[in-house]
Protein chains: 2
Amino acid sequence: MEADTPRIEEYLESIYKLQQEQHPVSTSRLAEHLKLSAPSVSEMVKKLAKKDLVKHTEKGVCLTDEGNKIAKKVVRRHRLSERLLTDILGFKWDEVHDEACRLEHAISPEMEDRIAQSLGNPKTCPHGHPIPDKDGLFEKEKVRPLSELKANEKAIIVNVFEEDPKMLQYMACLGLLPNVCVRVEEVAPFGGPLIVCVSGSRYALGREVASKIKVK
Amino acid sequence: MEADTPRIEEYLESIYKLQQEQHPVSTSRLAEHLKLSAPSVSEMVKKLAKKDLVKHTEKGVCLTDEGNKIAKKVVRRHRLSERLLTDILGFKWDEVHDEACRLEHAISPEMEDRIAQSLGNPKTCPHGHPIPDKDGLFEKEKVRPLSELKANEKAIIVNVFEEDPKMLQYMACLGLLPNVCVRVEEVAPFGGPLIVCVSGSRYALGREVASKIKVK
DNA sequence: CCAATGTATTAGGTAAGCCTAATTATACAA
DNA sequence: TTGTATAATTAGGCTTACCTAATACATTGG
Ligand SMILES: [Mn+2]
Ligand SMILES: [Mn+2]
Ligand SMILES: [Mn+2]
Ligand SMILES: [Mn+2]
């Protein structure tokens, strides 16, 4: 029932991540995320469906239990790889996503265990996203985008969008990191910026960036 | 001039290693080492020749300068990966070859640098083989197989054959590790065993094993 | 010198993953 | 309702990297 290629892993991982924002995932969204043509994705989705890894309805693509299980394994390897890269090899958090995206397909279950063990079974990746345990379990926190906070609300950053290195650099530069407390001073109208207070400093933050930061 | 796939890397790596024992490498030997059919290898060798990565003569296959350069890069990544696995993640030396064989194709130049740096630029892999530096340079020692020693000769183990986990376990068990001093007490005739002395203990060692241990 | 053996290549084929161009289905606004 | 935009699929092709079966080439013992 296994028989996974790296590409299948990559598709399942993408579907898993996109599901968090938009439940049945559209093929076009998936194609965009994977940087592939729509027909390529269409075709592969058909294969995944035949292998019972996804269910393909009119509304879009959903992972089956089996597909979800594999996706979470890949996500675990991805996030453990990121931790290895930052915590042990000294990479910065904006440099690890692409590297991890290759490593995740080259890592054996034994290596996965060793990394987890060497790092003391970390609960999250450097960007604050949960690392599923061996059984695919993790604590999921109720979060909302920083961009939805009202003036004078205070919150703690849980995680940030990890796929844009430039944005990660910018956020690190402002101290917008997981577990950091932010206070919104002011929300400019008409989709304007948020004035936020982070560890003593005050910044004007565009909505685009603010929406990529999840807080609790 | 680059344009390498993981498979091309793997072929070049194999040719590089086989060259050390048998200079122009035969396609059949290459096929055996890569665990592929002879025609598959024949065909790929043709492609490598077209890319000027190998020279294919009647006697066999040789790496060109370009092919050699790439092969050494792969070997560097392989051996650094092994060191990462043993020194940082706690693997035993018999567990790392296959893992490294996958990692070597997934590691970026940046990660290669970081591993080397984190480990203090190691000169050899856990099995004693040299790790080429960024320019492909390394010190090559004049070695001979332990099986060629005469009675009462003493020597230091430089490296051991790394691709047979069972044999590696056996050697580790007897303390036959790189940098260890061995003395041959006796050489049984007719291809019989060697009686060797290692750190106070005496063992009878088959020729097969002894030939896979290189000493100086 | 010839048969037997071993080595290498040709011929023909498959599967995975991708692509572009063309077509069809859906949606929704005028 | 009908035209236009968006989303999805079909059709047809390509490349990479593998395979088996058959054939060609080389070596060598009898
Ligand atoms: Mn990935
Ligand atoms: Mn991450
Ligand atoms: Mn390899
Ligand atoms: Mn080694």
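Per chain, numbering begins at 1; letters A, B, ... match sequence-line order.
The side-chain contact (heavy atoms from CB on, under 4.5 Å) with B/Leu174 is formed by just one residue from the set B/Val182, B/Leu205, B/Val196; it is B/Leu205.
Nucleotides of DNA chain C with any atom under 4.0 Å from a heavy atom of chain A span, from 5' to 3', C/dG17 to C/dA21.
Of all the residues in residues 54-64 of chain B, not one reaches under 4.0 Å from DNA chain D with any non-hydrogen atom. The stretch residues 29-39 of chain A comes close to DNA chain C through A/Leu36, A/Ser37, A/Pro39, each having a heavy atom under 4.0 Å from the strand. DNA chain C lies under 4.0 Å from no heavy atom of any residue of residues 12-24 of chain B.
When only modelled atom types and interatomic distance are considered, A/Ser108 and B/Glu99 share a side-chain donor-acceptor pair under 3.5 Å.
Annotation: salt bridge (charged side-chain N to carboxylate O under 4.0 Å, His left out) contacts of B/Asp113 (sequence neighbours excluded): B/Lys134. Take A/Arg144 and apply the salt bridge (charged side-chain N to carboxylate O under 4.0 Å, His left out) test, not counting sequence neighbours, and it matches A/Glu153. In this structure, B/His105 has no ring-ring contact (aromatic ring centres under 6.0 Å, His included) partners at least two apart in sequence or on a different chain. For the salt bridge (charged side-chain N to carboxylate O under 4.0 Å, His left out) test, residues two or more places apart in sequence or in another chain that qualify with A/Glu32 are A/Arg29. Applying the salt bridge (charged side-chain N to carboxylate O under 4.0 Å, His left out) criterion to A/Arg77, with sequence neighbours excluded, gives A/Glu9.
In this structure, A/Glu208 pairs ionically with A/Lys212, as a charged nitrogen and a carboxylate oxygen lie closer than 4.0 Å.
Atom CD in A/Glu43 sits roughly 12 Å away from atom C1' in D/dC14 (whole-Å rounding). One can place NZ of B/Lys46 at 15 Å from P of D/dC18, the figure rounded to the nearest angstrom. In this structure, B/Tyr11 atom OH and D/dA17 atom C1' are separated by 7 Å, rounded to whole Å.
For the OP1/OP2 pair of D/dC18 and a distance below 4.0 Å, the side-chain nitrogens and oxygens of B/Arg7 include at least one atom meeting the criterion.
For residues 37-92 of chain B, the ring-ring contact (aromatic ring centres under 6.0 Å, His included) pairs, not counting sequence neighbours, are B/His78-B/His97. The list of ring-ring contact (aromatic ring centres under 6.0 Å, His included) pairs with a residue in residues 5-36 of chain B, not counting sequence neighbours, is empty.
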With 3.5 Å as the limit, what N/O pairs link the protein to nucleotides 4-7 of chain D?
none

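The two residues A/Val96 and A/His127 come nearest to each other via the heavy atoms CG2-CE1, 3.8 Å.
Using modelled atom types, no side-chain atom of B/Arg207 and backbone atom of B/Pro193 make a donor-acceptor pair closer than 3.5 Å.
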